[in-house]
Every structure is written in C-alpha cells, then in structure tokens.
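So the structure is just underneath, and the comments pick up after that.
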Protein chains: 2
Amino acid sequence: MFILLVEDDEVIADAICTYLAHQGLAVEHVMSLEAATTYIESSHFDLCILDLNLPDGNGIDWLCSLRSKRFSLPVLILTASDTIDDKITGLKKGADDYLVKPFDLRELQARLLSLKRRSSDRLSNTIHHGMLQYDLEQHKALLNGVLISLSRNEDLLLQTFLNNPQRVLTQNQLKNVLYGVCDDVASNALNVHIFNLRKKLGTQAIETIRGLGFRLGKIETKPS
Amino acid sequence: MFILLVEDDEVIADAICTYLAHQGLAVEHVMSLEAATTYIESSHFDLCILDLNLPDGNGIDWLCSLRSKRFSLPVLILTASDTIDDKITGLKKGADDYLVKPFDLRELQARLLSLKRRSSDRLSNTIHHGMLQYDLEQHKALLNGVLISLSRNEDLLLQTFLNNPQRVLTQNQLKNVLYGVCDDVASNALNVHIFNLRKKLGTQAIETIRGLGFRLGKIETKPS
DNA sequence: ATTTCATCTTAATATTGGCTTAATTAAGTC
DNA sequence: GACTTAATTAAGCCAATATTAAGATGAAAT
C-alpha cells in the first residue's frame with residue numbers, strides 16, 4: 001500500500017515513516033503542499049496523511065482543490081488543534097478521517113487500514129444491484145441499461161435502500177429520510193412513493209415486512 | 001445512518017433531532033428505556049445516543065442488559081455529571097463514547113461519525129442455534145440455509161427464546177414481550193403463535209414445561 | 001404574471017395477512 | 001374418572017399496506 005505523508009515536522013514525520021515502513025507500508029514523505037501536488041499528479045497513492053499546518057499554505061484549502069480536481073484518494077488529517085471547528089471543516093471539506101496530535105502510532109495504523117478498507121468498497125461511484133445500476137454522483141438509475149427517471153423522493157428512497165441492502169427499514173426511518181425529523185404524521189405519502197418506485201423497478205424491488213417495514217428486494221430485467 | 005436517541009428532556013431532544021436531521025441523519029426519538037428497548041428489538045439502528053437520567057430507570061443498567069442480549073450497536077452516553085467515575089463506569093459497561101452536557105452539537109455529530117466509522121468494522125450479529133441461523137439486524141431466520149418467513153409476533157418470540165436459551169419463560173413473560181406489561185391474560189393467542197412457530201421450526205423447537213411455561217429446544221434439519 | 005408540467009400530498013377505497021377468538025381435542029395430574 | 005393445562009383448528013375481524021384518483025404545490029418557461 002502506497003501512502004503519501006504531507007508533514008513538515010521532521011521529528012513527527014520520521015516517527016511515522018519508520019513505524020509504518022516497519023509495518024510493511026510504503027511511505028513517501030513530502031514537506032510542502034507544492035511537493036505533495038507534484039507527487040499526487042505524477043504517481044499513484046492509496047492514501048494520504050495530511051498535516052494541516054504547512055509552510056506553504058493551508059491543508060484544508062489544498063484538500064479542497066484536490067477534490068475539485070476529482071482526486072478521490074482517502075485523506076486522513078493530522079491536526080494539532082483539538083478545536084471542534086477544525087475537525088468539522090476538515091471532514092466536510094473532503095477528509096475521510098482525522099487524528100489529533102499527539103497520537104498513538106498504532107492508532108494511526110489502525111485508522112489507515114480501516115480507511116483503505118472503506119475506500120476500496122466505494123471506489124466506483126456506481127452501485128450495482130441485480131439489473132440496476134445506480135450512479136451516486138449523477139443520481140442516475142439504469143435498469144437493464146435503460147435510464148429510469150426518478151423524482152426527488154423516489155431517488156432518496158432508492159439511495160437509502162441501496163445503502164442498506166438486506167436491512168429492514170421501518171416506515172419512520174424512511175419518513176425521516178424524506179422529511180427530516182418525523183412529526184409522526186399520519187400520512188401515507190411514503191406508501192405512495194414506494195408504490196411508484198415499484199412501478200418503475202418491478203414489484204419485487206421492495207419487499208414489505210408487515211409490521212416491521214420495507215426491505216430492498218430483487219431487481220430484475222422487467223418491471224412486471 | 002439511523003440513530004436512536006434516548007432522552008427525556010424535550011428541549012435537548014428537539015435540538016439534537018433538528019440538527020442531526022438537518023445533517024442528513026435519520027433520528028428516531030424515544031423518551032424512556034422501555035420504548036428504547038422496543039425500538040432496538042424491532043428495528044435497526046446504527047448508533048444510539050443514551051441519556052443516563054431517565055424516568056424509568058438507569059441508563060447504565062439498561063446498557064448492561066442490552067449488551068447481555070448481544071446487541072452490539074455503538075452507544076454514546078450523554079451525562080450531566082462531569083465526574084470521572086461516571087465516564088469510567090459507562091465505558092466499562094459497554095458504552096463506546098460519552099459526552100458531557102452541555103455540549104456542542106457539532107461535536108456530537110463529529111463523535112457520532114467517528115463512532116460509526118470505528119464500529120463499521122465489526123461483525124454482523126447472528127445467533128446460531130442448532131440448524132437455525134438468526135440475524136438480528138435483518139430479522140432473517142435461516143433453517144438449514146433456507147429462509148423462513150416469520151410474522152412480527154413470531155419474530156419477537158423467536159428472538160426472545162434465542163436470547164434466553166436454557167431458560168424457562170412463563171406465559172406471562174412471553175405475553176409481556178408481545179403486548180407490553182398488562183395483566184389481562186384470558187387469551188390463548190400466545191399458544192397459537194407458539195403452535196405456528198413450531199410448524200415452521202419443528203415440533204421440538206419449543207419445549208413445554210407444563211404449569212411453568214416454555215423453553216427453547218432443539219432446532220434440527222426438518223420441521224417434522 | 002401566467003401557463004405548464006411534474007411531483008407531492010391528501011383522501012377515499014380495496015385488499016391482504018396476521019391476530020385473536022372460540023370451540024374442540026389431546027395430554028398430563030390428581 | 002374428573003380436572004386442569006396445552007394443542008389444534010377454523011372463522012371472523014381488524015390493522016397495515018396497496019391502489020387510485022383528484023387536488024395542492026412549486027418550479028421552469030413563456
């Protein structure tokens with residue numbers, strides 16, 4: 001596994017490099033954002049460890065521009081400050097995890113590994129389920145290669161189902177997805193949406209578990 | 001992501017619900033441990049936010065019983081007291097993180113996300129009993145590899161039996177599982193459900209201890 | 001502003017499946 | 001044998017969900 005470490009503090013960087021190398025990971029160490037950019041654009045890395053305080057700029061901004069250039073590699077942020085704002089901003093701006101200095105090297109390793117695991121799952125932006133192909137970025141659903149047009153709520157529901165295959169989702173859970181906090185409204189709008197989804201994806205696409213909720217089912221060639 | 005919020009203070013609960021829902025998380029709010037138990041046992045949640053001071057009991061005790069019932073969902077404890085002892089006890093008893101009131105909603109969110117991350121590595125919780133494989137999350141029962149469809153009440157009963165193997169459960173206890181605590185008992189509905197369960201799982205699946213109640217028995221290849 | 005169009009919600013009705021009831025049979029207990 | 005408890009059936013009921021269609025909303029286009 002190839003890791004890019006962006007860190008200007010030599011002591012910390014050395015510690016990380018030594019430890020990770022010892023664990024069988026290939027670490028490339030750079031000390032500025034400029035160098036980081038060069039490396040990222042000219043070579044392949046599985047992960048990036050990013051310190052936020054760097055001589056030639058702010059790590060968050062760099063991360064933003066990285067994302068805007070469609071680099072999707074997982075980034076773990078190192079931050080000295082324990083302020084909430086930093087964490088929040090970091091996570092929202094496209095970081096995948098963060099670690100507050102000082103930290104335990106073993107924890108760093110654990111997080112890197114879990115990061116890798118997670119990211120290798122969602123490398124592709126499309127989810128496949130039976131004959132359905134769903135593009136998370138473009139919100140496009142292809143059934144048997146044919147584009148299915150979905151309304152906003154249908155889209156939300158389908159996403160939720162695809163993100164929780166095998167799982168029984170209660171009506172309240174699904175209502176929360178659509179309407180935010182559930183005022184526990186007695187409305188069957190949800191049922192109508194499910195009905196419409198079934199018309200588009202086939203009757204078996206959504207199973208009902210009476211008294212419990214709904215679950216994603218089989219999506220096959222033909223809406224019957 | 002589905003979150004169960006157990007909190008009896010409406011003001012705090014509302015704030016949390018509104019904020020988290022706004023962040024795209026599905027929050028289910030209950031105000032008592034009893035309700036929490038019902039929800040946990042009948043639906044899926046990724047996380048639980050647990051206040052410790054509740055009208056119908058102590059949160060720590062509830063957490064203990066939850067763990068003893070093999071529910072492994074990550075729990076974040078909310079505590080008013082800032083005493084170290086409380087935190088320690090909480091963490092030792094199976095909590096995964098804690099937050100002291102008053103807290104910043106953004107910090108709550110950050111902690112929830114990291115909690116989810118850490119826990120996503122865990123194994124799925126399935127109970128094995130003889131030839132039966134029961135998945136608590138999916139509410140799926142496989143007998144000899146074949147899916148058995150269970151009604152809501154059958155599902156509840158089976159769960160209860162699997163969570164209390166070896167133990168004799170009185171009819172009243174089982175009725176409480178289905179109908180909550182109430183002592184009107186002139187109905188044999190429970191017997192009918194047990195009869196139907198036996199039809200699906202085999203005659204020996206549930207033993208009758210005459211005059212006392214029922215106990216989980218052997219579940220073998222074929223319903224005879 | 002007004003029209004147009006799609007979607008969302010409401011509401012009314014149909015349907016289904018599971019729950020309970022109740023009556024009967026079987027199995028223990030004294 | 002009389003009594004108690006549990007098992008077994010089948011019928012009716014009811015709540016959860018499905019289905020429709022009509023009205024409400026809201027955004028884009030003219």
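What you are looking at is a predicted structure, and each value in this text was computed from that prediction instead of being measured. Labels below follow one simple rule: chain letters A, B, ... track the order of the sequence lines, proteins then strands, and each chain is numbered from 1.
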Side-chain donor/acceptor pairs under 3.5 Å, residues 47-57 of chain B, sequence neighbours excluded:
from  : atom 1 : to     : atom 2 : distance (Å)
B/D51 : OD1    : B/K101 : NZ     : 3.3
B/D56 : OD1    : B/L33  : N      : 3.0
B/D56 : OD2    : B/L33  : N      : 3.2
B/D56 : OD2    : B/E34  : N      : 3.0

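- Using a 4.0 Å heavy-atom criterion, one finds that A/N196 contacts no nucleic acid atom at all.
- Of the charged side-chain nitrogens involved, none lies within less than 4.0 Å of a carboxylate oxygen, so that A/K140 and A/D155 do not count as a salt-bridged pair.
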Just do the side-chain contact (heavy atoms from CB on, under 4.5 Å) check on A/I77 and A/I60 with the steps written out, would you? CA-CA 9 Å; A/I77 282 181; A/I60 297 278; 4.2 Å; yes

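- With hydrogens and angles ignored, a donor-acceptor pair under 3.5 angstrom links the side chain of B/N188 to the base of D/dT8.
- If you measure from atom CG of A/L190 to atom P of C/dT7, you get 18 Å, rounded to the nearest angstrom.
- Evaluation of the side chain to side chain contact (heavy atoms under 4.5 Å, CB included) rule for B/N144 yields B/M131, B/T221 as partners, not counting sequence neighbours.
- Candidate nucleotides D/dA18, D/dA6, C/dT21 were compared by shortest atom distance to the side chain of B/Q171, and D/dA6 ranks first.
- Across the protein-nucleic acid pair, B/I206 atom CD1 and D/dA7 atom C1' stand 13 Å apart, rounded to whole Å.
- The side chain of A/N191 lies closest to D/dT17 when the candidates are D/dT17, C/dC19, C/dC8.
- In this structure, CZ of A/R152 is placed 10 Å from C1' of C/dC8, rounded to the nearest angstrom.
- Nearest to the side chain of B/H193, among C/dC19, D/dA7, D/dT20, sits C/dC19.
- When distances are taken from the side chain of B/S151 to each of D/dT20, C/dT20, C/dG18, the shortest belongs to C/dG18.
- In this structure, B/F214 atom CZ and C/dA27 atom C1' are separated by 13 Å, rounded to whole Å.
- Taking atom CG on A/L174 and atom P on C/dT9, their separation rounds to 14 Å, with Å as the unit.
- No hydrogens or angles were tested; on distance alone, a donor-acceptor pair under 3.5 Å links the side chain of A/R210 to the base of D/dA16.
- Atom pair A/E207:CD and C/dG17:P shows a separation of 14 Å (rounding to whole Å applied).
- Distance CZ (B/F195) to C1' (C/dT20): 15 Å, rounded to an integer number of Å.
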